[in-house]
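Since the model is a prediction, treat every value here as computed from it, not as a measurement. Atoms within each ligand, like the ligands themselves, are counted from 1 in listed order. In what follows, every heavy atom counts, from backbone to side chain, and hydrogens, waters and symmetry copies are set aside.
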Amino acid sequence: MKPIVRFAPSPTGKLHVGNVRTALMNWLFVTKEGGEFILRIDDTDTGRSTKAYEDGIKRDLSWLGMDWGSTFNQSDRFDIYDAHAQKLIDKGYLYACYETAEELDRQRKILRAQSKPPIYDRTGLHLTDEQRAKFEAEGRKPHWRFKLSGKTASWDDVVRGPQNIDTSSLSDPVLIRGDGTYLYTLPSVVDDIDANITHIIRGEDHVTNSGAQIEIFEALFELNGGGKIPKFAHTPLLVGRDGKGLSKRLGSLSMDQLRDQGIEPLAICSLLAKIGTSDPVEARRSLAQLVDEFSFGKIGRAPARFDEAELDLVNARLLHETPYLDVKDRLENMGVVGGEGFWLLIRNNLDKFGDVAGWSTVINAPMPGQITDEDAGFCKQAAEMLPDDIDAETWGLWVGDLKEQTGRKGKSLFLPLRMALTGRARGPEMDKLLPLLGARRAKARLAGGIG
Ligand code: GLU
């Protein structure tokens with residue numbers, strides 16, 4: 001049976017690195033297995049969900065290269081959730097509670113002060129019809145809790161191994177808020193059943209939810225004629241370089257921001273697919289390669305360290321290995337001339353793709369070089385000695401002659417030439433750059449003019 005997975009972001013914000021890692025784990029796994037990737041938009045919180053965030057999430061996933069087989073919105077399925085909720089109410093799985101947020105907060109504080117776990121005391125479960133009617137008459141609207149069994153929910157997690165959640169240690173979860181809106185918990189289970197989800201792959205912050213959701217699956221199966229609980233894979237969370245939780249800034253680092261910084265989507269996927277696994281972090285030139293290399297068995301239990309500096313390095317390495325054909329269109333769109341020769345010459349000097357523009361100017365546009373007063377005479381002499389026909393051999397011969405005639409060597413020979421010709425202290429190999437620059441530009445720059 002082919003697996004079916006879902007990535008289920010809430011459109012209440014932008015996609016950040018943590019969500020993208022979850023999306024990637026789902027996508028890599030299911031693509032490798034030839035299954036289906038469903039994009040579920042968890043927009044039950046209609047007050048905070050926006051179409052703009054939803055569009056942004058879809059744009060970002062496409063930009064990263066993660067396509068989806070189908071997509072749907074939870075907000076289109078309220079009737080279905082209502083029908084299931086009603087059945088759960090009729091069977092006593094869901095019960096009405098009338099406490100206000102302040103009352104619940106006070107109860108938790110009292111329990112904590114008594115060194116007891118802050119578990120909901122199930123007052124709602126034991127209300128009489130009269131008490132309920134009184135609350136309603138006061139204008140209170142009920143919120144609805146799911147009655148946990150108090151037994152242990154167990155599953156064999158694909159990443160974490162055997163898991164046991166003692167549901168007697170949990171508060172009965174609220175599934176429907178006082179204003180009638182759903183928390184994601186029940187709709188998620190209803191949708192996972194309807195979409196025949198085989199694997200729920202998500203961050204380990206959901207482990208406790210899984211204990212409660214397993215009981216919701218069981219209740220819905222009991223009411224609707226059976227079914228099979230999906231497998232769970234809870235992946236370790238991202239932490240910062242120092243091993244501590246992601247800072248607020250890193251935690252909310254969005255694809256928008258990374259795109260604006262000029263980070264390549266494949267650099268993001270290469271890094272997020274590998275941190276926290278037994279594979280080394282390396283730049284990968286295609287998602288297909290990441291798919292090939294994916295295995296749940298490689299994911300460790302320790303948190304995955306996310307380091308922006310490492311992302312920059314992976315990005316640079318990726319560019320250094322990118323063949324011309326992969327960037328031909330982008331170079332042409334930027335109006336960069338010089339074709340493959342130009343790309344192969346400069347790619348090792350790029351941190352971001354945008355750096356191409358600077359090197360394009362160095363090679364293809366009029367600009368002055370940089371010459372110190374001290375080196376002006378030497379550079380003039382170099383201009384005079386430079387032949388008009390430049391090929392791959394020219395640099396070596398020319399510099400050899402200059403060395404002989406001026407007695408300069410090492411840095412004092414090479415650096416002034418590089419600075420005069422490119423305006424920069426570092427860059428591509430000069431023997432390859434010189435033919436692209438051409439004799440006219442080179443001579444003008446060496447002579448202190450614009451070339
Ligand atoms: N919308 C939920 C979240 O983003 C989905 C969790 C899940 O994958 O079940 O946390």
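In this structure, R424 forms a cation-pi arrangement with W359, its terminal cationic atom sitting closer than 6.0 Å to the ring centre and no more than 45° off the ring axis.
Close placement of the F294 and F296 rings is indicated, their centers lying within 6.0 Å of each other. The distance between the ring centers of F232 and W155 falls below 6.0 angstrom.
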Q) Where do V189 and E218 land on the side chain to side chain contact (heavy atoms under 4.5 Å, CB included) test, with the steps shown first? A) CA-CA 10 Å; V189 174; E218 283 166 349; over 6 Å; no
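Screening E33, M25, K32 against F29 for a side-chain contact (heavy atoms from CB on, under 4.5 Å) leaves a single residue, E33.
Evaluation of the salt bridge (charged side-chain N to carboxylate O under 4.0 Å, His left out) test over residues 259-279, restricted to residues two or more places apart or in two chains, returns D60-R259, D256-R259, E264-R330, K274-D279, K274-E293, D279-K298.
Residue-level contacts of ligand 1 at the 4.0 Å heavy-atom threshold are R6, A8, S10, D42, Y184, S188, R202, H206.
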